[in-house]
Protein chains: 2
Amino acid sequence: MSPTIEDAAEFLERALRSRSFVLIVGDCRVDYDGRASSTLDWGERAVIIKKDGSVLVHRPTGYEPVNWQPPSCLVRLSRSNANGLTVNASRAQPRENISIEYRNISLAAFGSLNDTSEFALHVTEAQMKQAILTAPNLVEEGLRPLAEEKHISETGFTDIYAEDKNGFLVIVEIKRNAANRDAVMQLQGYLEKIRKRTDRHLRGIVVAPYIRKSALPLLESLKIEFIKVAPEQCFAVLKTQKDMKISQFIAVSEDDNSKLI
Amino acid sequence: MSPTIEDAAEFLERALRSRSFVLIVGDCRVDYDGRASSTLDWGERAVIIKKDGSVLVHRPTGYEPVNWQPPSCLVRLSRSNANGLTVNASRAQPRENISIEYRNISLAAFGSLNDTSEFALHVTEAQMKQAILTAPNLVEEGLRPLAEEKHISETGFTDIYAEDKNGFLVIVEIKRNAANRDAVMQLQGYLEKIRKRTDRHLRGIVVAPYIRKSALPLLESLKIEFIKVAPEQCFAVLKTQKDMKISQFIAVSEDDNSKLI
DNA sequence: CCTTTCAGTTAGTTA
DNA sequence: TAACTAAGTGAAAGG
């Protein structure tokens, strides 16, 4: 059933050379030495070796790996003896090393993982935009969205056209995470373009969960405003939308039931 | 090459029922909702489901899982449609849920991991004992170890017999981690046994990285002493021992080399 | 490269 | 069970 150590060694040699995602399940001993040191006697664990040099040793329970190595460390394979196979992962700065010695390997696999999607914590900018279009008072009392902006030449510029309660034109730039100088500059560039085409009074608002201190001077000098909108708020709005649909459905169902009584 | 979603579903159904260690590599979408919320669009990731209900979603790079669920959560499988398969992991307190929707599975495996060894951070008690036997001044200036104690009836009692510079008998109890009331009581019980057999002045010393505040009153009332010995110190001693051997070897080698010159 | 701060922190210990 | 604290914390942002 299990591959021989010999076969596994050859297999893993190829796996590590290919710098892909490597999975090993087997009976091993783990030694760590670095900022601290640790030992873990024989037992079956699952080990993940990633292409960036991360190494994770997972026991049968628990969220955290029992031993690990952060990204950008050097992973090598060595044969301690005919029946032994050791995976060695080390890095400098700080000098740390973990060695995983196998006496049996029950599963070994490797392959490249194709994964390019962006991870969005809380909500995406698109979802934030949707939330603000649904509930513009998240930004300002009396704000009325006008139309969605088509990306003309900008990259990664999520924004909203709107009118405030005084009828002034408002450009809202949304950032999913911290607004920095770049975000302010981007909005400024956009405002300047628009000012060339219209004489209307123009306001620029950066909307983000929070703003970098480093962006505050620029913000003030350009008379651009910052409104803090937490992803949670947006999520709450979107959730309420969803819940609305569900609660409406439930209401109908209850009506149906009442008819049955 | 890859199993069909149909086959994978059946396979994983069995895997989850067996409450063992489950590995899934495949093209998935991940949604999380709980203390925060997140989305992750299609891509290939490795998922670990442990018997205690931990769930880890790992991308091709990075130490941390992109999404996860801590131990003791409920993992269920559902078929969204003929070509879809969703792993759902939820827990209450706090209410959290992650759902992993697959459109392709390239690897699925499960099995029980037999892993009972104790994880020892820094050093084991045996190693601490070895270090103190090698360098008794870690505990006290002038301490001379007498003999190793055979475990009479105690469990997990790692200790050292010694004489201090005044010729008094010293019993040293070693704890790898925090010394608590139990440790003090254990040593006290042992001291009482010995006092019945001898009239010699007897000292009891608890050696550990640190001591619980809760154990201090008991310690004082029983006139038992506490000496802080950090695992790092023990490790340093053991390392020096090792290094001694190596440096001796190097010294010899250098001698040999010098002869060759 | 170092420092500070935050995390869906997790995990362990004490009250 | 809740509160407090440490972690081989890791990861991001700022200097």
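Below, chains carry the letters A, B, ... as their sequence lines are ordered, and counting in each starts from 1.
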Rounded to the nearest angstrom, tell me the gap between atom [atom1] in [X] and atom [atom2] in [N].
X: B:Trp68; N: C:dA7; atom1: CH2; atom2: C1'; value: 8 Å
X: A:Arg91; N: C:dC1; atom1: CZ; atom2: P; value: 13 Å
X: B:Leu40; N: C:dG8; atom1: CG; atom2: P; value: 14 Å

When all nucleic acid strands are considered with a 4.0 Å heavy-atom cut-off, which category describes [X]: base, sugar-phosphate, or nothing?
X: B:Gln69; result: base
X: B:Asn180; result: nothing
X: A:Ser214; result: sugar-phosphate
X: B:Pro94; result: nothing

Taking DNA chain D as the partner, which of residues 57-65 of chain B come within under 4.0 angstrom of it by heavy atom?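 Per residue number, the list reads B:Tyr63, B:Glu64.
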Salt bridge (Lys or Arg N to Asp or Glu O under 4.0 Å) involving [X] - partner list, sequence neighbours excluded:
X: A:Arg95; result: none
X: A:Asp41; result: none
X: B:Arg79; result: B:Glu6
X: B:Asp52; result: none

* **Results of side chain to side chain donor-acceptor pair (under 3.5 Å) for A:Gln93 - residues two or more places apart only** =>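 None.
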Quiz prompt | Partners passing side chain to side chain donor-acceptor pair (under 3.5 Å) against B:Glu96 (at least two apart in sequence or in another chain) | solution =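 By the side chain to side chain donor-acceptor pair (under 3.5 Å) rule, B:Glu96 matches B:Tyr32, B:Arg35, B:Arg91.
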Please tell me which of B:Tyr210 and B:Pro70 maps to the more 5' nucleotide of DNA chain C, matching each residue to the nucleotide holding its nearest heavy atom.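 Comparing both residues, the 5'-ward one is B:Pro70.
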Open item on the list: Between B:Asn67 and A:Gln93, which residue's closest nucleotide on DNA chain C lies nearer the 5′ terminus?
Closed with: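 The residue mapped nearer the 5' terminus is A:Gln93.
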Can you tell me how far CG of A:Leu40 sits from CD of A:Glu101, rounded to the nearest 0.5 angstrom?
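Reported value, rounded in 0.5 Å steps: 12.0 Å.
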request  = Any chance you could measure A:Leu121, atom CG, to A:Glu118, atom CD, to the nearest 0.5 Å?
outcome  =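 Here the interatomic distance stands at 11.0 Å.
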- Query: 5'-most contact on DNA chain D: A:Ser38 or A:Arg212, nearest heavy atom basis?
  - Reply: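 In this pair, the answer is A:Ser38.
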In whole angstrom, give me the gap between the [atom1] atoms of [N] and [M].
N: C:dG8; M: D:dG14; atom1: C1'; value: 25 Å
N: C:dC6; M: D:dA7; atom1: C1'; value: 15 Å
N: D:dG8; M: C:dT5; atom1: P; value: 22 Å

task = Please list all pairs passing the ring pair (Phe, Tyr, Trp, His ring centres under 6.0 Å) test where one or both residues lie in residues 36-72 of chain A, with sequence neighbours left out.
result =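 Every ring pair (Phe, Tyr, Trp, His ring centres under 6.0 Å) pair that includes a residue of residues 36-72 of chain A, provided the two are not neighbours, is A:Tyr63-B:Trp68, A:Trp68-B:Tyr63.
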Practice prompt. Keeping to residues at least two apart or across chains, list the ring pair (Phe, Tyr, Trp, His ring centres under 6.0 Å) pairs with something in residues 87-112 of chain B.
Written response: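 For residues 87-112 of chain B, and leaving out neighbouring residues, the ring pair (Phe, Tyr, Trp, His ring centres under 6.0 Å) pairs sorted by first residue read B:Phe11-B:Phe110.
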Checklist entry - So, B:Asn67 and B:Ser38: side-chain donor and acceptor under 3.5 Å apart, yes or no? => result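 Result is yes, a qualifying pair exists.
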* Asked: Along DNA chain D, 5' to 3', what are the outermost nucleotides having an atom less than 4.0 Å from a heavy atom of chain A?
  ->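 Extent of the interface on DNA chain D: D:dG8 to D:dG14.
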Which pairs with one or both residues in residues 107-116 of chain B pass side-chain hydrogen bond (donor to acceptor under 3.5 Å, both in side chains), sequence neighbours excluded?
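Checked against side-chain hydrogen bond (donor to acceptor under 3.5 Å, both in side chains) - neighbours excluded - the pairs reaching residues 107-116 of chain B are A:Arg45-B:Asp115, A:Arg59-B:Asp115.
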Intra- and inter-strand pairing of DNA chain C, written as dot-bracket with Watson-Crick and G-U pairs under 3.5 Å and | for the latter, reads |||||||.|||||||
